[in-house]
Amino acid sequence: MQGITSELHTGRAKKRSLWLDIGIRVIKNKAAMVGFVILAVLILLALFADVIADYDTVVIQQDLANMNQGPSLEHILGTDEFGRDIFARIIHGGRISLAVGLVSVCFSLVVGGILGALAGYYGGRFDNIIMRCMDIFLAIPSILLAMAIVTALGSSLLNLMIAVGISNIPSYARIVRASVLTIKDQEFIEAARAIGGNDFRIIMRHILPNTLAPVIVQATLGVAGAILSTASLSFIGLGIQPPAPEWGAMLSNGRTYLRSAWHVATFPGIFIMVTILSLNLLGDGLRDALDPKLKQ
Amino acid sequence: MYKYIIKRLALLLPVLIGVSFIVFTIMYFTPGDPAQIILGENATEEALANLREEMGLNDSFFVQYSRFIINAVQGDFGRSYQSNRVVFDEIFSRFPATLQLAGIGVLLSVLIGIPVGVISATKQYSFFDNTTMVFALIGVSMPNFWQGLMLIMLFSVWLGILPSGGYGDWTYFILPAITLGTSSAGSIARMTRSSMLEVIRQDYIRTARAKGVLEKNVVYKHALKNALIPIITVVGLQFGYLLGGAVLTETVFSWPGIGRLLVDSIKQKDTPMVQGLVVFIAVTFSIVNLCIDILYSYVDPRIKSQYK
């Protein structure tokens, strides 16, 4: 009896150490940590944006006497065409980008994950119907789909999240389905069924946790994609409307002043790039950590 | 093989019907009155009502959709609300510009991406590997539209040596092609490197080396050939994506391709144009995918036997 208990204990200990192992591998990965630190700084800047610069008086208040000024001590990244401080607008814009990125990915993850799990688990005709629907969505490039949806719904923060979210559902559905397919015939699932677990319990407790690895990687990279989509939509005038600060929209405004004020279009773009870069670094690190055979 | 191609093309039909349904639904719920768009701001209420009746805009959603599908099956997507041109005439007049840009962009990205990926993999963790992979990651992370603007600022505004946008002789191709090429090159280089790394550790590579095969031949004949499948996939996906109109790059460089046409049409609620374009893009994308699958069978004969 004691033997069995200790075996159970070691079993548990092993299970815990798997995630601990992954954590340690991520921490040891220098590139992933660089990504993590940059991302943390960006998130902190976005969280404390109000403390650093007041929204009403600094971010959207125009000051035409100071328009298009280059970087200086007073305005470290210069001012835009309405004399507003670009750094203040960028960190407030970070709130929008990060929020859209996170919320839309959660949305696509939940909807796509459920659809993919059901399709993979039940298979047959059900699987066919869901996945053929997903194929239809995949045949339309996601940015075009998001453009059309946001035009139909009207441009607001929520609609932007929905549009970007819907357009990315199929990729999550496919990933989750593929992982479910590899797991559902394994013995521990059979065992769970044999002791009387119902489908809901089997999917939620046994299958989904085992599909997490690819999903986490895809979600991290997905946030980067969603941030890029948001900026792209705003760049062509379909996203967040002025005077709200949005990176893509700021960049688009800067186009007119490429000759006289280089900094207006340059800095928002650098922030978009750095954010995406940090998420890519972290995503790559997570992938290596979750699948150690890739990195030998 | 032919059977397989025909089967795949037949499967395209339900996808296209689905695509058209989604686009139709989205455009149906987009605010804006087509009659107003055609007749302009100054049209009388009576003229608007007549046109709405004539266009069948007062019919129910399903009646309108059925009419659309019946016409679409016969290849008739209607006329653009804006230019009054037949939708597919307009698309075919714009597509060559997109095709040229996509072709040059992909060529550039392959010429940069594959050699960089191969050298990086054969010299893993070397200075070359580390530096190029950082650049590849930056290339992947850089928004196309921003890179385009920076190139315009540098080469058109400051140096004044290249045109900032529009369509014309070869000089007009340079900046948009670099914009598209470098970001695709980043993903191709990354994929080539990781695919090569997996192959290069296989036993048959060691055997080839042990036999005394030249390193050059080991890398290009034995390793790269077997690492090609994922690389082809990425190249194909990039090409398909670019053929669908690199929406943002075309916008930045005022390129007269289908990407920009689509942005303008969506903004102006030019429903027939949007429908035609999205269906056209879905078809090109699917055909590119089919070509990739066919290409697989030439690269890896084992795959050919699965195509029935």
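Lettering of chains follows the sequences in order, A, B, ..., and the numbering in each one begins at 1. As the structure is a prediction and not an experimental result, all values here were calculated from the model.
- B/M150 touches chain A through its side chain: at least one heavy atom from C-beta onward sits under 4.5 Å away, while N, CA, C and O do not.
- The line from OG of A/S252 to CG of B/L248 is 10.0 Å long, rounded to the nearest 0.5 Å.
- Sparse packing is recorded around CZ of A/R174, with 12 or fewer heavy atoms of other residues, nucleotides or ligands lying under 6.0 Å away.
- Separation of atoms OG (B/S164) and CZ (A/R259) is listed at 8.5 Å; rounding is to 0.5 Å.
- For the set B/K267, B/K269, B/M153, the entry with the most heavy-atom pairs within less than 4.5 Å of chain A is B/M153.
- Neither the backbone nor the side chain of B/V134 comes within contact range of chain A; no heavy atoms are under 4.5 Å apart.
- Between the CD1 atom in A/I166 and the CD1 atom in B/I26 there is a gap of 8.0 Å [rounded to 0.5 Å].
- Separating the CG atom in B/L149 from the CG atom in A/L258 is a distance of 5.5 Å, to the nearest 0.5 Å.
- For chain B, the nearby part of A/I140 is the side chain; its heavy atoms alone come within less than 4.5 Å.
- Contacts between B/L11 and chain A at a heavy-atom distance below 4.5 Å are absent for every atom of the residue.
- When all heavy atoms are compared, the tightest approach of B/I266 to A/L144 is CD1-O, 4.4 Å.
- Between the CG atom of A/D284 and the CE atom of B/M133 there is a distance of 11.0 Å, given to the nearest 0.5 Å.
- For chain B, the nearby parts of A/A231 are the backbone and the side chain; heavy atoms of each come within less than 4.5 Å.
- In A/F137, the CZ atom is not crowded: 12 or fewer heavy atoms of neighbouring residues, nucleotides or ligands sit closer than 6.0 Å.
- For B/I22, the part lying near chain A is the side chain, with the backbone staying farther off; criterion is any non-hydrogen pair under 4.5 Å.
- Side-chain atoms of B/W146 never come within 3.5 Å of backbone atoms of A/G248 as a donor-acceptor pair (strictly under, hydrogens ignored).
- Taking both residues in full, the closest heavy atoms of A/R255 and B/T251 are given as NH2-O, 3.5 Å, listed atom of the first, atom of the second, then distance.
- Within residues 145-158 of chain A, the residues having any heavy atom less than 4.5 Å from a heavy atom of chain B are, in residue-number order, A/L145, A/M147, A/A148, A/I149, A/T151, A/A152.
- Looking at B/V263, both its backbone and its side chain come within 4.5 Å of chain A, counting heavy atoms on both sides.
- Looking only at heavy-atom pairs under 4.5 Å with chain A, the residue among B/S286, B/P31, B/P14 that has the most is B/P31.
- Other residues, nucleotides and ligands contribute only 12 or fewer heavy atoms inside 6.0 Å of the CZ atom of A/F36.
- Rounded to the nearest 0.5 angstrom, A/I272 CD1 and B/F145 CZ are separated by 4.5 Å.
- A 6.0 Å sphere centred on OH of A/Y257 holds more than 12 heavy atoms belonging to other residues, nucleotides or ligands.
- Counting heavy-atom pairs closer than 4.5 Å to chain B, the top-ranked of the candidates A/L228, A/I236, A/L138 is A/I236.
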